[in-house]
**Student:** 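Before we start, here is the structure in question, set down as structure tokens.
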Amino acid sequence: MKKLRVLLVDDEIMIREGFKRLFDWEAHGCEVVGEAADGMEALAKIDTLAPDIAIMDINIPIMNGLKVIQLSRIKHPDTAFVIVSGYDDFAYCREALRLQITDYILKPVNYEEFGTCIDNLKIALFQRQSAGEGDRQEERTINSITRYLREHLAEEVSLTVLADEFHLSAQYISQLFKNEIGVNFLSYLTSIRMEKAKKLLLATSLSIAEVSEQSGYGDYRVFTKVFKKSEGITPSQYRRDFLEDVRKGGA
């Protein structure tokens, strides 16, 4: 998978330098191709560089980050935006969701969590691109495998299971995930299981144990540990926070 091109947008040079120096972009299959310190500069850089990902602060001069995203969507609908902000405010979060922001991360940045965000974003971009899959055998194979995983999330799935199902070696399948998606098999499986879990937590009244089972975790304690590592909070807190935000939004 080609390296993803990243644009950093923040009016504080130390924040931009922190992103460049403290996060291993190379290890996550990305490269920083540009920077911007205000909204107008960000718009211009998005036009000229056409980045795959824009890391965007909200409170920037001339034009705020949300307005930049809104205008950029018109010409660059495929650019993914990740907001990194010091504002933990429901109104900002709600507007960000309306603009289909990939993620909303609070400062100071936890770079381990940020790495998970970037890996999940790569998976999402792969899912989008796979809709227009080409003729290469590897593309057809990985698309078949990821489709199988989505359809069998509640079951016990491993590289060995996939090897038996598709009559391929486990090592070959493992390499396919690295080459075609840019993340390893376990990261991909965990990511789509967490997405399934979050949908069940917000859209159903299933118990945590039931959500755990439908997401592929027979032991809800293991599920809770993995969920907290991925999202920063427990499944129960994730559901409570959402319901509280809905209540505030309707107040």
Side-chain angles (χ1 to χ4, degrees), residues 4-39 42 45-46 51-61 63-70 72-73 79-125 182-183 187 190-192 194-195 197-199 201-202 226-235 237-242 244-245 248-249:
L4 298 180
R5 295 158 51 81
V6 178
L7 174 69
L8 301 176
V9 182
D10 198 297
D11 60 326
E12 297 183 48
I13 189 169
M14 292 304 295
I15 298 292
R16 301 198 305 272
E17 287 299 312
F19 270 115
K20 288 191 292 183
R21 297 173 184 271
L22 300 177
F23 184 71
D24 191 345
W25 294 101
E26 179 77 20
H28 290 270
C30 300
E31 60 177 335
V32 176
V33 296
E35 304 175 42
D38 61 59
K45 289 288 179 71
I46 291 169
D52 299 296
I53 306 170
I55 310 300
M56 178 81 62
D57 187 17
I58 292 178
N59 190 28
I60 51 178
M63 180 188 302
N64 76 37
L66 293 177
K67 188 64 176 178
V68 171
I69 294 168
Q70 184 181 18
S72 297
R73 285 283 189 221
T79 297
F81 291 91
V82 176
I83 285 180
V84 180
S85 175
Y87 293 92
D88 185 7
D89 184 276
F90 177 71
Y92 279 125
C93 293
R94 183 170 53 188
E95 179 65 11
L97 289 172
R98 189 183 70 78
L99 292 171
Q100 298 180 313
I101 304 306
T102 300
D103 214 333
Y104 191 110
I105 296 174
L106 291 176
K107 297 177 181 177
V109 176
N110 178 315
Y111 286 101
E112 183 177 351
E113 292 179 6
F114 182 71
T116 300
C117 164
I118 293 298
D119 286 344
N120 288 339
L121 178 53
K122 287 163 63 180
I123 291 168
L125 290 173
V183 298
S187 294
T190 300
S191 176
I192 61 175
M194 291 300 100
E195 288 305 309
K198 287 189 286 186
K199 288 177 182 177
L201 287 168
L202 301 187
V226 174
F227 191 96
K228 187 172 183 180
K229 182 177 181 182
S230 172
E231 304 301 321
I233 55 177
T234 65
Q237 188 63 51
Y238 183 85
R239 177 179 271 170
R240 283 198 299 270
D241 286 355
F242 173 77
E244 179 66 15
D245 284 346
K248 289 179 180 177

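Any value given below was found using the heavy atoms of this structure, including those in side chains, with hydrogens, waters and symmetry copies removed. It should be emphasised that the depicted structure is a prediction, and the values quoted were computed from it without experimental measurement.
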**Student:** Can you name the closest pair of heavy atoms from Ile123 and Ser191 and give their distance?
**Tutor:**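 Minimum heavy-atom separation between Ile123 and Ser191: CD1-CB, 3.6 Å.
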**Student:** Report the distance from atom CD1 of Ile69 to atom CZ of Phe81, rounding to the nearest 0.5 Å.
**Tutor:**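 Between atom CD1 of Ile69 and atom CZ of Phe81 there are 5.5 Å.
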**Student:** Is there a side-chain contact between Phe242 and Leu201 (heavy atoms, below 4.5 Å)?
**Tutor:**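 No, every pair of side-chain atoms sits at 4.5 Å or beyond.
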**Student:** Are side-chain heavy atoms of Ile53 and Thr79 found at a separation under 4.5 Å?
**Tutor:**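 The answer is no, as the side chains (C-beta and beyond) never meet within the 4.5 Å cut-off.
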**Student:** Are Ser85 and Asp57 close enough that some pair of their side-chain heavy atoms sits under 4.5 Å apart?
**Tutor:**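 With C-beta onward as the side chain, the pair touches.
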**Student:** Do Ile55 and Ile105 have side-chain heavy atoms sitting under 4.5 Å apart?
**Tutor:**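 No, too far: nothing below the 4.5 Å cut-off.
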**Student:** For residues 26-35, which side-chain donor-acceptor pairs fall under 3.5 Å, sequence neighbours excluded?
**Tutor:**
from  : atom 1 : to     : atom 2 : distance (Å)
Glu26 : OE1    : Lys3   : NZ     : 2.7
Glu26 : OE2    : Lys3   : NZ     : 3.2
His28 : ND1    : Asp119 : OD1    : 3.0
Glu35 : OE1    : Arg16  : NE     : 2.7
Glu35 : OE2    : Lys20  : NZ     : 2.5

**Student:** Can you tell me how far NZ of Lys67 sits from CD1 of Ile60, rounded to the nearest 0.5 angstrom?
**Tutor:**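 The CD1 atom of Ile60 sits 13.0 Å away from the NZ atom of Lys67.
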**Student:** Verify, without hydrogens or angle tests, whether Ser72 (side chain) and Val68 (backbone) share a donor-acceptor contact under 3.5 angstrom.
**Tutor:**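 A pair under 3.5 Å: yes.
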**Student:** Just how far is it from atom NZ of Lys229 to atom CE of Met194, taken to the nearest 0.5 Å?
**Tutor:**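 Between atom NZ of Lys229 and atom CE of Met194 there are 11.5 Å.
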**Student:** Could you report the tightest heavy-atom contact between Ala36 and Lys45, atom names first, then the distance?
**Tutor:**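 Minimum heavy-atom contact is CB-CG, 4.4 Å.
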**Student:** Cut-off 3.5 Å, no hydrogens considered: what does the side-chain donor-acceptor table look like for residues 4-13, sequence neighbours left out?
**Tutor:**
from  : atom 1 : to     : atom 2 : distance (Å)
Arg5  : NH2    : Leu49  : O      : 2.7
Asp10 : OD1    : Glu12  : N      : 2.9
Asp10 : OD2    : Lys107 : NZ     : 2.9

**Student:** Tell me the closest heavy-atom pair linking Phe23 and Gly115, and the distance in Å.
**Tutor:**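 Nearest pair, atom of Phe23 first, then Gly115: CE1-CA, 3.5 Å.
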**Student:** So, the side chain of Lys122 versus the backbone of Gly182: is there a donor-acceptor pair under 3.5 Å, distance only?
**Tutor:**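 Between the backbone of Gly182 and the side chain of Lys122 there is a qualifying donor-acceptor contact (under 3.5 Å).
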**Student:** How long is the gap from OG1 on Thr190 to CG on Asn120, to the nearest 0.5 Å?
**Tutor:**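 Separation between the atoms: 9.5 Å.
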**Student:** Which residues pass the side-chain hydrogen bond (donor to acceptor under 3.5 Å, both in side chains) test with Glu195, not counting sequence neighbours?
**Tutor:**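 Per chain and number, Glu195 pairs via side-chain hydrogen bond (donor to acceptor under 3.5 Å, both in side chains) with Lys198.
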**Student:** Which pair of non-hydrogen atoms, one from Ala37 and one from Pro61, has the smallest distance, and what is that distance?
**Tutor:**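 In this case the closest contact between Ala37 and Pro61 is O-CD, 3.4 Å.
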**Student:** If you take the centroid of each ring, where Trp contributes its six-membered ring, are Trp25 and Phe114 closer together than 6.0 Å?
**Tutor:**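 Yes, the ring of Phe114 comes within the 6.0 Å limit of the ring of Trp25, centre to centre.
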**Student:** What distance separates Asn64 CG from Asp38 CG, expressed to the nearest 0.5 Å?
**Tutor:**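 Asn64 CG to Asp38 CG: 12.0 Å, rounded to 0.5 Å.
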